[in-house]
Amino acid sequence: MSGSLLVDNIGELVTNGPGTRPLGIRRDAAVLVEEGRVAWVGPSATAPAADRRLDVGGAAVLPGFVDSHAHLVFAGDRAAEFAARMAGEPYTGGGIRTTVGATRAATDDELRATVRRLRGEALRQGTTTMEIKSGYGLTVADEARSLRIAAEVTEDTTFLGAHVVPAEYADRPDDYVGLVCGPMLAAAAPHAKWIDVFCERGAFDVDHSRAILACGQAVGLGVRVHANQLGPGPGVQLGVELGAASVDHCTYLSDADVDALASSLVDCMCHEGPHSTTVATLLPGAEFSTRSPYPDARRLLDAGVTVALATDCNPGSSYTSSMAFCVALAVREMRMTPAEAVWAATAGGARALRRDDIGVLVPGARADLMILDAPSYLHLAYRPGVPLIRQVIRNGVPL
Ligand code: NIG
Ligand code: FE
């Protein structure tokens, strides 16, 4: 479909840009979309003419969700492990190796089908951008194919060869780090934008993590870190030290971790003023599904840290693709206001991916919108578990 599209009669428009704070809200608004971009935003009463008009009948319209952390390339599921956890077993990350076995045994088409199924599921729930990691292959060939398949559906692909040390290297972690930094990175880098490490007891220590992230940086990949998920540790401060775009999980933070994130503040000419260069991405689906304490978003926000919310969609610790569910959890369990949570799930995710073309509805931004079956963004947290996404527009195309 070509030509311009006017999304009109919007009761409440979240722009994450200019407008009434928080969220840059405009009432009785319209958005003009041209060639996949937002061309104009303003009052319905003064909207320009367009080739087509979509009357949303007073509904709320928001930027599409930006899910900046997901592991979609895998085979099998771990429903039994989930059931065991709900009966009292702790989550240790040990099940990652189960998924590695299933993923290695899967064909390309089986992996592709799972990625497309989950990407489609997320899209129908309003997620217009989704980062996707490798990390369940852990051989040169399996990591490269995971990223190739991920790159078919997203431009934000992340090489996570350092997810865990696979069983065949259990006694030789140094050799595995050598493999990750050498042939595996060489095979992965052409298909990846980011590099990530699970810096945690039982996965990679701080020296290995630093070495791996530095190798990735040296070939031009941006840095992200799985940090401080299962206990306190050095991951968050390592991420800040390396200028990571995001440190993810942040469940167990010391005052020094919060200070480090807050000290990564930069000034900018953007709508919100100064913000931290290293975003803290919180993944409440993981705490929900592992029955763990939730991270304290309020503490981070009060310290001035930029917070993003993402699903962490994966078969082990968080098998949800629903950003709305994460918003509801963040509001109920993590002391975020509904406005903070919605910002974190849209503009915050964009920050975590260092993108300024998404997560906002301002002229020039990508025309990624969701239309709610509700009069306000508040309903995303107020009506948990309810399918409120009436329609999604991605790249200017109504889906
Ligand atoms: O982000 N923490 C490491 N990786 C994933 C979990 C992977 C799994 O359990 O399969 C996470 O939670
Ligand atoms: Fe993860």
Side-chain angles (χ1 to χ4, degrees), residues 67-86 89-104 106 111 114 118 122 130-138 142-143 146 150 156-167 194-205 208-209 212 223-231 233 235-236 239 244-252 279-295 308-321 323 326 329 349 352-353:
D67 186 353
S68 60
H69 184 139
H71 310 243
L72 303 192
V73 195
F74 64 85
D77 79 28
R78 289 168 26 215
E81 181 192 311
F82 173 77
R85 273 202 303 278
M86 295 305 110
E89 288 291 315
Y91 175 80
T92 60
I96 294 172
R97 289 204 180 96
T98 308
T99 301
V100 169
T103 304
R104 289 177 178 176
L111 295 178
T114 297
L118 292 171
M130 201 166 189
E131 179 262 15
I132 301 178
K133 300 173 197 301
S134 66
Y136 291 116
L138 310 188
D142 286 310
E143 284 298 297
S146 296
D156 280 290
T157 50
T158 301
F159 170 45
L160 181 58
H163 198 181
V164 286
V165 176
W194 304 96
I195 186 162
D196 193 346
V197 168
F198 187 18
C199 181
E200 194 85 36
R201 195 185 295 273
F204 294 87
D205 67 21
H208 281 158
S209 298
I212 290 162
V223 169
R224 352 186 39 82
V225 189
H226 276 73
N228 303 54
Q229 174 187 8
L230 306 178
V236 164
S246 178
V247 288
D248 297 36
H249 284 286
C250 296
T251 311
Y252 293 90
V279 172
T281 298
L282 309 182
L283 310 166
E287 280 73 36
F288 178 88
S289 298
T290 60
R291 196 170 269 157
S292 302
Y294 288 91
L309 288 170
T311 62
D312 196 15
C313 184
N314 76 79
S317 64
S318 181
Y319 201 5
T320 181
S321 56
M323 288 292 283
C326 296
L329 286 179
L353 295 174

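In listed order, ligands and their atoms are each counted from 1.
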- Task: Pick out which of His226, Glu131, Arg224 makes a side chain to side chain donor-acceptor pair (under 3.5 Å) with His69.
- Result: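 Exactly one pass, corresponding to His226.
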Report yes or no: does [X] contribute a side-chain atom to a donor-acceptor pair with the main-chain N or O of [Y] at less than 3.5 Å?
| X | Y | answer |
| --- | --- | --- |
| Ser146 | Asp142 | yes |
| Asp77 | Pro315 | no |
| Thr103 | Ala75 | yes |
| Glu200 | Leu230 | yes |
| Asp67 | Ala310 | no |
| Asp196 | Thr158 | no |
| Arg85 | Pro90 | no |
| Ser318 | Thr311 | yes |

Where is the nearest protein heavy atom to [atom]: which residue, which atom, and how far?
| atom | answer |
| --- | --- |
| atom 2 (N) of ligand 1 | Gln229 OE1, 2.6 Å |
| atom 7 (C) of ligand 1 | Tyr136 OH, 3.1 Å |
| atom 6 (C) of ligand 1 | Tyr91 OH, 3.2 Å |
| atom 11 (C) of ligand 1 | Asp312 OD2, 3.1 Å |

- Would you kindly specify which portion of Ser317 sits under 4.0 Å from ligand 1, judged on non-hydrogen atoms: side chain, backbone, both or neither?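 It is both backbone and side chain that touch ligand 1.
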- Given that the side chain starts at C-beta and the backbone is N, CA, C, O, which of these parts of Arg78 lies under 4.0 Å from ligand 1, counting heavy atoms, or is it both or neither?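 The answer is the side chain.
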- Message: So, regarding His249 and ligand 1 (criterion: nitrogen or oxygen to nitrogen or oxygen, under 3.5 Å), is there a contact or not?
- Response: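 Yes; at least one N/O pair falls below 3.5 Å.
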- Message: To the nearest 0.5 Å, what is the distance between CG on Asp248 and CD on Gln229?
- Response: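 So the gap between those two atoms works out to 10.0 Å.
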- Message: Please report the interatomic distance OG1(Thr320) to CZ(Phe288), rounded to the nearest 0.5 Å.
- Response: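 Atom-to-atom, Thr320:OG1 and Phe288:CZ are 9.0 Å apart.
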- Task: State the atoms of ligand 1, each with its element, that fall below the 4.0 Å cut-off from a heavy-atom position in His69.
- Result: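 That gives atoms 1 (O) of ligand 1.
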- Query: For ligand 1, which atoms, with element, lie under 4.0 Å from some heavy atom of Ile96?
  - Reply: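 Matching atoms, with element in brackets: 7 (C), 8 (C), 9 (O), 10 (O).
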- From the options Lys133, Glu287, His163, Glu200, select the one whose nearest heavy atom is closest to atom 3 (C) of ligand 1.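 When every heavy atom of Lys133, Glu287, His163, Glu200 is considered, His163 comes closest to atom 3 (C) of ligand 1.
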- Message: Keeping to distances under 2.8 Å, can you name the protein N/O/S atoms close to the Fe ion (ligand 2)?
- Response: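 Atoms qualifying: His69 NE2, His71 NE2, His226 NE2, Asp312 OD1.
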